[in-house]
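Structure first, then comments.
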Amino acid sequence: MRLSTYFLPTLKENPADATMASHRLMVRAGLVRPLAAGIYSWLPMGWRVMKKVMEIIREEMDAIGAQEFQLPALNPIEIWEETGRVEAFGDTLFHVKNRPLVLAPTHEEIFTTIAKDHIKSYRDLPQIWYQIQTKFRNEPRPRSGVIRGRQFFMKDSYTFDRSFEELDKSYGLHREAYKKIYSRSGLKFFIVGAYSGAMGGTGSQEFMVESTDGEDTCAVCDNCDYAANLEVASSKKEPVGRAGDSMPVGEIHTPNVKTIDQVAEFLKMSTERLAKSLVYDADGEAVLILMSGNDQLNESKLATALGKTAYAMQPEDLAKLTGANAGSIGPVGLKNFRIIADKRLEDANELVSGANKDDYHLGHIDLKRDVKIDGYYDLRTVEEGEECPNCGHKLRIVNAIEIGHIFKLGTKYSAALHANYLDVAGAEKPIVMGSYGIGVERIIACHIEQNHDDNGIKWGKSIAPFDVHLASVNMDNQEVVAAAEKVFNELNEAGIDVLYDDRQGVSPGFKFKDADLLGMPVQVIVGERNLKQGNIELKFRSTGERKVVPAAEVIGEIKKFLAI
RNA sequence: CGGGGCGUGGCUCAGCCCGGUUAGAGCGCUUGGUUCGGGACCAAGAGGUCGUGGGUUCGAAUCCCACCGCCCCGACCA
């Protein structure tokens with residue numbers, strides 16, 4: 001490809017609205033252009049990268065026996081109503097105004113419908129189906145360039161099995177395939193246990209790339225392989241336990257003492273035995289949640305414990321329900337509440353909590369004696385430095401970008417859509433499903449996040465838009481041009497993708513800066529200076545290493561570097 | 001949806017607070033010339049409904065109101 005005729009709008013200056021390195025560089029290097037918030041056009045250079053990533057995905061999916069489909073993005077809304085996901089997605093689902101259609105944000109429903117129509121027997125199973133398709137999600141706030149957009153490419157696959165044991169196998173195949181896909185894409189990543197959320201199902205894991213700009217937070221252990229999304233992460237934090245015999249419950253006057261720290265200070269005790277009361281509304285049911293001291297309630301864990309999403313009660317409703325304002329609420333004598341507590345408080349005694357009367361607390365509370373607890377659950381958010389639940393090593397809390405998510409769905413969708421099969425005994429059973437997603441743009445953005453410097457992108461060989469960036473330093477010098485053209489032709493003949501900067505009247509410095517910005521793995525620089533000795537210079541983008549070699553050896557050197 | 005910021009040639013921005021010539025700069029673009037190993041130089045040019053609508057005023061890029069768009073933080077996030 002000759003740069004003189006290639007559509008490649010590069011920018012010398014940083015676009016004003018990009019903050020992340022990958023976002024800045026993708027725009028500057030002419031990979032993408034924004035069309036609207038969260039909507040990007042892929043220009044020829046960017047699309048080359050996209051196709052390479054997609055090809056890696058295809059190869060690894062095909063290798064586990066997956067079959068590629070291409071399903072419609074326009075879906076009848078009825079199908080989504082059947083699984084209850086019109087409501088579950090809410091405003092995130094794009095609706096078509098003049099037809100009862102929606103723009104698909106994912107494809108469980110459609111794939112399951114195909115399975116329901118055509119898979120009738122255990123003999124038809126298992127199946128692994130996938131597609132690489134545009135998804136539409138009306139994100140409340142698109143951000144970070146292509147990382148969170150309203151329209152994006154996703155590789156989504158679905159497995160159909162006879163049993164949960166076979167699902168484990170299909171899930172395992174995906175897990176291994178994903179590792180290969182990300183490794184081949186040149187990413188450093190880790191895998192975490194994850195929250196399944198509205199997808200439902202019996203378990204899920206996320207593939208993560210550590211990044212200060214990540215939207216997810218994970219607890220990772222550097223000693224063993226424990227890593228978990230903070231939504232589900234746990235640690236070895238000790239239970240509060242029992243402290244001797246319980247004294248009789250007693251009221252304590254605590255004027256203007258509200259926060260846990262204030263109470264601890266006022267009563268001259270540690271925060272641990274202060275049972276903090278939080279009030280949530282779970283679908284109309286009032287729930288009181290007890291946490292030890294300053295432990296932070298994790299709302300994802302709460303949703304898992306309750307089996308539904310709960311929202312923090314508004315302050316004005318608190319007084320109505322409990323007779324006290326925030327800071328004075330407690331579990332003892334509380335009516336019409338479901339009371340649950342964090343595991344750290346299991347069977348604890350000698351606790352202090354609100355008295356449901358402003359400016360009063362109760363002391364010597366024994367959860368076994370004084371309160372009817374509906375259950376103890378792990379509800380707290382793990383904090384930096386707590387001990388790994390596996391090995392006891394200190395956990396690190398890091399931000400991360402989610403690049404893939406694999407789910408064991410079970411029968412949620414097959415049951416809702418009646419996708420059943422007949423087993424060996426002739427009994428009708430719901431197909432056991434898994435679903436697996438990869439954000440294709442995120443692979444590209446994360447690759448750039450992990451491979452760039454101040455001058456530009458440093459593409460890894462596997463997904464670089466071109467293998468070689470060839471630049472002739474001076475297009476007015478016929479010998480230089482002739483030598484560059486020769487290299488260009490030889491590379492093309494060798495089947496090596498080469499971008500040839502043959503632009504006239506562009507200064508050498510400009511060409512070098514563009515080459516570094518665009519970031520091909522190898523630069524071939526043909527200039528008068530070296531050509532006098534019959535030499536041509538190679539520059540390796542990732543290391544910055546330069547090598548001057550005889551013109552005749554250029555192709556060989558490149559082949560050696562590209563390992564082909 | 002809450003909080004904050006921004007909107008002026010293709011890009012990055014100044015001008016706005018304190019209203020008053022033909023609205024500026026750098027980069028990019030066009031033409032001619034010079035240059036040619038790290039974003040060259042000279043000269044001449046083209047290019048702007050100052051986001052949109054309304055208002056105040058003799059006069060609005062500038063002040064006021066509304067709306068739209070974009071970015072950041074939060075909420076949300078299969």
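Note on naming: letters A, B, ... go to the chains in the order of the sequence lines (proteins, then strands), and numbering restarts at 1 for each one.
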Whole-angstrom distance between [N] and [M], as gauged at atom [atom1]:
| N | M | atom1 | result |
| --- | --- | --- | --- |
| B:C63 | B:G19 | P | 9 Å |
| B:C6 | B:U12 | C1' | 14 Å |
| B:A66 | B:G5 | P | 15 Å |

[N] base / [X] side chain donor-acceptor hit below 3.5 Å:
| X | N | answer |
| --- | --- | --- |
| A:Arg33 | B:G10 | no |
| A:Glu528 | B:G37 | no |
| A:Asn474 | B:G37 | no |
| A:Arg28 | B:G39 | yes |

For a quick check of understanding: with a heavy-atom distance under 4.0 Å over all strands, which category does [X] fall into, base, sugar-phosphate or nothing?
| X | answer |
| --- | --- |
| A:Ala36 | sugar-phosphate |
| A:Pro34 | nothing |
| A:Ser204 | nothing |
| A:Asp91 | nothing |

With a 3.5 angstrom cut-off on both distances, give the Watson-Crick or G-U wobble partner of [N], or none if there isn't one.
| N | result |
| --- | --- |
| B:G74 | B:C1 |
| B:G47 | none |
| B:G59 | none |
| B:C6 | B:G69 |

Practice task
Without swapping roles, check the side chain of A:Ser414 against the backbone of A:Ile431 for a donor-acceptor pair under 3.5 Å.
Solution key: yes
Exercise for the section: May I ask you to decide if A:Gly193's main-chain N or O and A:Gln205's side chain share a donor-acceptor pair within less than 3.5 Å? Expected result: no
Practice task
Could you check A:Lys12 against A:Pro105 and say which one's nearest nucleotide on RNA chain B is further toward the 5' end?
Solution key: A:Lys12
Problem - A:Leu93 or A:Asp516, whichever maps to the more 5' nucleotide of RNA chain B - result: A:Asp516
Problem - Within 6.0 Å of CD in A:Glu78, more than 12 heavy atoms from elsewhere - result: yes
Can you pull every protein N or O that's under 3.5 Å from an N or O on nucleotides 2-8 of chain B?
none

Practice task
Kindly say whether the aromatic ring centers of A:Tyr130 and A:Tyr158 come within a distance under 6.0 Å.
Solution key: no
Restricting to nitrogen or oxygen on both sides, can you table the protein-nucleotides 40-42 of chain B pairs closer than 3.5 Å?
{"from": "B:A40", "atom 1": "OP2", "to": "A:Ser507", "atom 2": "OG", "distance (Å)": "3.2"}

N/O-N/O pairs, protein side and nucleotides 24-26 of chain B side, under 3.5 Å:
{"from": "B:G26", "atom 1": "N2", "to": "A:Glu13", "atom 2": "OE1", "distance (Å)": "3.0"}

Exercise for the section: Determine which pairs satisfy ring pair (Phe, Tyr, Trp, His ring centres under 6.0 Å) with at least one residue from residues 500-527 of chain A, sequence neighbours left out, and list them in order. Expected result: A:Phe488-A:Tyr500
Fill in the blank from the handout: Distance col, row A:Leu538:CG vs A:Ile525:CD1, nearest 0.5 angstrom, shows 8.5 Å
Could you give the side-chain donor-acceptor pairs of residues 27-45 of chain A under 3.5 Å, partners two or more places apart or in another chain?
{"from": "A:Arg28", "atom 1": "NE", "to": "A:Leu11", "atom 2": "O", "distance (Å)": "2.9"}
{"from": "A:Arg28", "atom 1": "NH2", "to": "A:Lys12", "atom 2": "O", "distance (Å)": "3.4"}
{"from": "A:Arg33", "atom 1": "NH1", "to": "A:Val27", "atom 2": "O", "distance (Å)": "2.7"}
{"from": "A:Arg33", "atom 1": "NH2", "to": "A:Pro9", "atom 2": "O", "distance (Å)": "2.9"}
{"from": "A:Tyr40", "atom 1": "OH", "to": "A:His23", "atom 2": "NE2", "distance (Å)": "3.0"}

Practice task
For RNA chain B, find the residues of residues 144-151 of chain A with a heavy-atom distance under 4.0 Å and give them by number; none if there aren't any.
Solution key: A:Ser144, A:Arg148
Fill in the blank from the handout: Paired with A:Asp516, the side chain to side chain donor-acceptor pair (under 3.5 Å) test is passed by just one of A:Lys458, A:Lys539, A:Lys511, namely A:Lys539
Handout entry: Test side-chain contact (heavy atoms from CB on, under 4.5 Å) applied to A:Leu103 and A:Leu93, A:Leu74, A:Asn138, the passing residue
Key = A:Leu74
